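Written out below as structure tokens is the structure these notes cover.
Values in this document were obtained by computation on a predicted structure and should not be read as measured data. Below, chains carry the letters A, B, ... as their sequence lines are ordered, and counting in each starts from 1.
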Amino acid sequence: MPLPVSDFYRSLADRAVRTLADRDLENQILIQVGSATCEHAAGSQAVAEEFVRHIRASGRKDIVIHRTGCTGRCSREPILGVRLPGQLPVKYERVNRDLVHRIFTEHIQGGVPVMKHVLDHDGEALPEREFLFCEGDRCQKGGVDLRARFLELLAERGVEPHRVGVATTSCFGACGLAGGAAATYLLVRPEKILYRVASEADLLDILQEHVLQGQVVARLRVQEEPIALEFLERYGDVAFFNRQSRIALRNAGVVDPESLDEYLGFDGFKALATALERREPDWVISELTKARLRGRGGGGFLTATKWTLARQQADTTRFIICNGDEGDPGAFMDRSMLESDPFNIVEGMIIGGFAIGAQKGFFYIRAEYPLAIKRIEQAIDACRAHGLLGRDIMGSGFDFDLEIRLGAGAFVCGEETALIRSIEGERGQPKVRPPYPTDRGLWGHPTVINNVETFANVSAILRYGGEWYSRIGTPKSGGTKVFALAGKVRHTGLVEVPLGTTLSRVVNDIGGGVSGGKQLKAIQTGGPAGGFIPAAMQGMEVDFEPLQKAGSIMGSGGMIVLSEDDCMVDIAKFYMAFSQEESCGKCTPCREGTTRILEILERITLGKGELADLDKLERLSRLCQRTSLCGLGRAAPNPVLSSLKHFHDEFLAHIQDKHCPAKKCVALIRYEINPEKCIGCTICARNCPVECISGARKEAHGIDQAACIKCGNCFDVCKFAAIDRV
Amino acid sequence: MSECLPCSTDNWPDLERGYRAMLPREILAFIDAHRHQERSESMLIATLHQVQAHFGHLGPGHLEAVAQLMQIPLAKVTGVATFYHYFRLQPRGRYLINVCLGTACYVKGAEKVAQKLQDELGIRFGETSKDGIFSLESTRCVGTCGLAPVVMIGDEVHGPLTPSLVPGLLESYLARAAEDLVAEPSR
Ligand SMILES: Cc1cc2nc3c(=O)[nH]c(=O)nc-3n(C[C@H](O)[C@H](O)[C@H](O)COP(=O)(O)O)c2cc1C
Ligand code: SF4
Ligand code: SF4
Ligand code: SF4
Ligand code: FES
Ligand code: FES
């Protein structure tokens with residue numbers, strides 16, 4: 001007799017596959033529109049509406065609009081994908097209503113893509129077929145550069161470049177599927193065929209049969225589906241993604257976040273079904289142990305250990321909580337995951353609940369994320385309606401349910417004991433640990449709290465094995481980490497890379513370097529609890545320990561790029577102001593310490609600092625670190641200490657020379673009009689809020705320094721670079 | 001009226017009727033649905049969210065009604081409402097403008113956008129414009145740092161902004177407010 005769980009899963013998955021097949025997406029023209037907070041902000045809704053209008057007006061029935069979450073290309077949004085049947089998908093960036101019209105008439109009606117607006121493309125024609133070679137470290141190259149060789153072979157045979165494109169990508173996740181001899185994986189689009197090639201003979205076969213005759217080389221084909229397949233299939237030629245490894249974000253921007261069927265179509269809930277069918281919570285935990293999955297909320301605690309601690313408790317009323325408070329101001333990966341692939345997080349929660357023996361789980365999501373809340377609500381409802389939540393999940397006998405609780409704008413509620421009190425309906429003030437939540441948490445019962453991204457990895461680990469996951473990453477930390485890249489970087493957005501990737505690779509290779517051709521000054525990680533990594537150390541590998549050694553922390557994944565235009569004293573002050581404001585006030589070192597530190601930093605940026613202040617800063621910071629009750633107070637001084645350590649000179653310049661090297665601190669700068677360059681156009685005078693600029697038309701103007709409030713408007717509006725900031 | 005009366009007093013039915021009249025039906029239904037459940041007091045924050053979503057702020061009367069109907073001491077309800085920044089105890093304008101002053105927005109010049117908004121509206125943070133249309137507040141990161149600097153108006157996020165885009169943005173909301181007024185003159 002087959003086990004009920006596998007039957008249950010199969011019937012659910014079959015039904016989903018049938019529904020999807022009925023939609024017949026493969027043979028339709030597919031328009032992909034992003035639907036997430038950032039996409040909406042960039043105008044994706046208007047773009048979708050415009051498309052609907054065009055489709056209606058054209059009377060065509062073979063065009064489908066497909067909603068997806070976001071891929072994390074914030075600076076290029078709204079992004080629109082167009083796939084004609086049998087062709088490579090084309091992604092457009094920064095689409096607006098006018099461009100919709102062009103895309104519709106030229107690409108959809110006329111069959112010719114609007115090349116100028118293709119995402120990250122250099123404007124050349126798109127190939128008919130594309131070969132993506134893995135350049136991941138775990139693909140053994142066996143001495144020959146197979147990709148280079150393939151290019152040579154193509155040239156020798158005279159295959160035109162517009163017919164076949166060749167590109168590289170990072171790990172497909174296929175390397176874990178089949179071990180053995182040196183081999184490289186290679187994906188062919190749009191057919192979605194994965195080959196494993198080991199020699200030049202293999203390449204020749206592919207060239208002969210696949211390229212020239214359009215026939216699949218069965219002997220080399222890999223049957224298993226690697227994890228990032230769907231993602232690569234739709235985004236496979238975009239440099240920004242080719243250097244990433246998408247595990248937590250594998251479905252983000254590809255799946256319809258509001259469709260359970262689509263998630264099932266991507267093997268969703270298969271991991272849960274396996275776990276339930278095996279009836280072995282220990283198996284789940286042992287896979288996580290092998291995976292070396294560490295919590296992605298900042299602390300980097302081993303997830304398997306945390307789950308074991310809760311599981312061992314005598315008290316069998318247990319809870320599991322997903323921490324979606326995402327308090328770091330400058331981080332948005334958790335929001336994106338909740339919005340773009342909600343079922344995946346829900347699946348991770350159910351698996352976690354099963355592993356620790358919980359009856360109930362809570363999503364704690366900040367109220368500032370209305371769309372994330374809505375998507376999780378929908379996902380929970382859909383799961384309940386299909387026997388994936390509630391009583392007797394998938395016929396396994398396991399009862400478990402989920403509920404959402406909203407945050408209300410208190411950063412400290414991201415701290416686990418404060419979060420628990422907030423769910424209990426109290427003021428979110430932290431408590432002394434121990435007892436740890438795994439001993440006594442929510443309503444006094446054993447409770448596991450994990451970050452959104454931690455849960456996002458769970459189903460992938462069970463599907464592909466802990467062993468496979470651990471091979472990505474470093475010896476201490478398995479897998480990938482998602483970073484929210486923002487600040488002065490060319491491509492802002494979400495980036496998922498194996499742990500151990502260098503900072504420089506993230507910021508320069510993927511992020512495109514500092515925007516506006518400026519010099520990199522520092523990279524901030526870990527938000528208000530983290531620190532600054534100076535540009536000179538950008539070769540550093542990102543992992544929990546190296547970052548900590550450099551005086552920062554991994555944190556939840558916020559990564560802010562700072563350029564020569566940013567003043568380190570000012571940014572340190574910014575973070576301190578944040579922590580001071582968010583301190584819950586329960587203990588003195590944090591409440592008073594942050595206030596005093598902030599005062600000193602303020603003095604320094606006003607040009608009123610003294611040398612002795614530096615000592616004071618250091619002492620106060622250490623005190624606050626050592627004696628505060630919770631992580632907020634203990635980590636609040638980190639930005640100050642790390643800027644003091646790496647940018648001592650800047651502090652000295654403010655204090656001794658009364659000079660702000662980045663020309664940022666308002667009290668230490670002046671605006672002056674250069675009479676040689678000023679042509680007297682009067683624009684500055686008209687834009688000065690305090691009317692302190694005078695001068696006759698066509699004559700050099702002058703600023704009344706006593707009245708000037710140094711707003712910088714004049715500097716920004718002068719088209720003749722006649723105003724200097726000194 | 002302001003002290004918390006035990007529900008066993010003789011006039012509780014009268015009092016209860018009075019408190020119920022202060023809250024809309026959906027919220028009463030929400031409170032009723034949870035009242036007799038285990039750990040119902042943990043729904044306090046969720047209830048306050050609903051009240052604020054409905055009225056735009058949490059007035060003293062609302063807090064008292066919630067306290068009485070949920071059977072939670074008023075001191076605790078007030079304590080919770082004042083602890084969390086998201087809750088507003090003052091009424092606000094038709095559109096709440098939340099300027100993001102998170103890190104990403106800060107380094108991309110959010111302060112200048114904030115200054116321009118204050119200049120254009122003639123109000124400071126925490127204030128409401130005379131016509132009652134805009135309230136200005138700041139927030140720390142709305143999760144769209146990739147579009148920094150951003151401003152959230154109502155539920156909509158706008159970015160990347162520059163000071164020069166501010167007047168046009170405000171214009172568009174003024175126009176919307178005018179349209180709404182025409183459509184529903186009673187408001
Ligand atoms: C002040 C403070 C704020 C925090 N904010 C968050 C947060 O927003 N999200 C999060 O996942 N963890 C946050 N944490 C860490 C949590 O306390 C907890 O360690 C984490 O959620 C555990 O999940 P993990 O093991 O999956 O990392 C915060 C900690 C402190 C001290
Ligand atoms: S360290 Fe700060 S945030 Fe934490 S309990 Fe003390 S006062 Fe509150
Ligand atoms: S805007 Fe520049 S050129 Fe024009 S009056 Fe001012 S300083 Fe002179
Ligand atoms: S900095 Fe501002 S206040 Fe000063 S002169 Fe320029 S526009 Fe006027
Ligand atoms: S390194 Fe090539 S597939 Fe993983
Ligand atoms: S810092 Fe402004 S949206 Fe994140």
Can you say whether I560(A) sits under 4.5 Å from chain B via the side chain, the backbone, both, or neither, judging by heavy atoms?
side chain
May I ask you to test the V107(B)-L562(A) pair for a side-chain heavy-atom distance under 4.5 Å?
yes
Residue R73(A) versus chain B: region with a heavy atom under 4.5 Å:
neither
If every non-hydrogen atom of G102(B) is compared with every non-hydrogen atom of P329(A), which pair is closest and at what distance?
CA-CB, 3.8 Å
Will you find, in the side chains of E156(B) and H40(A), an N or O donor that is under 3.5 Å from an N or O acceptor?
no
Contact winner vs chain A - M43(B), Q52(B), H158(B), E111(B), heavy-atom pairs under 4.5 Å
M43(B)
For D570(A) and Y106(B), does a side-chain donor sit closer than 3.5 Å to a side-chain acceptor?
yes
Side chain proximity check, K76(B) to E426(A), heavy atoms < 4.5 angstrom:
yes
How close do R405(A) and S42(B) get, counting heavy atoms only, and between which atoms?
NH1-OG, 3.0 Å
Smallest heavy-atom separation, H49(B) atom then A408(A) atom, equals NE2-CB, 3.9 Å
Shortest non-hydrogen contact between A486(A) and C145(B), atoms and distance:
CB-CB, 3.9 Å
Can you run down the side chain to side chain donor-acceptor pair (under 3.5 Å) pairs that involve residues 133-150 of chain B, sequence neighbours left out, and say none if there aren't any?
E581(A)-R140(B), T128(B)-S135(B)
Is the shortest side-chain heavy-atom distance between F83(B) and Q429(A) below 4.5 Å?
yes
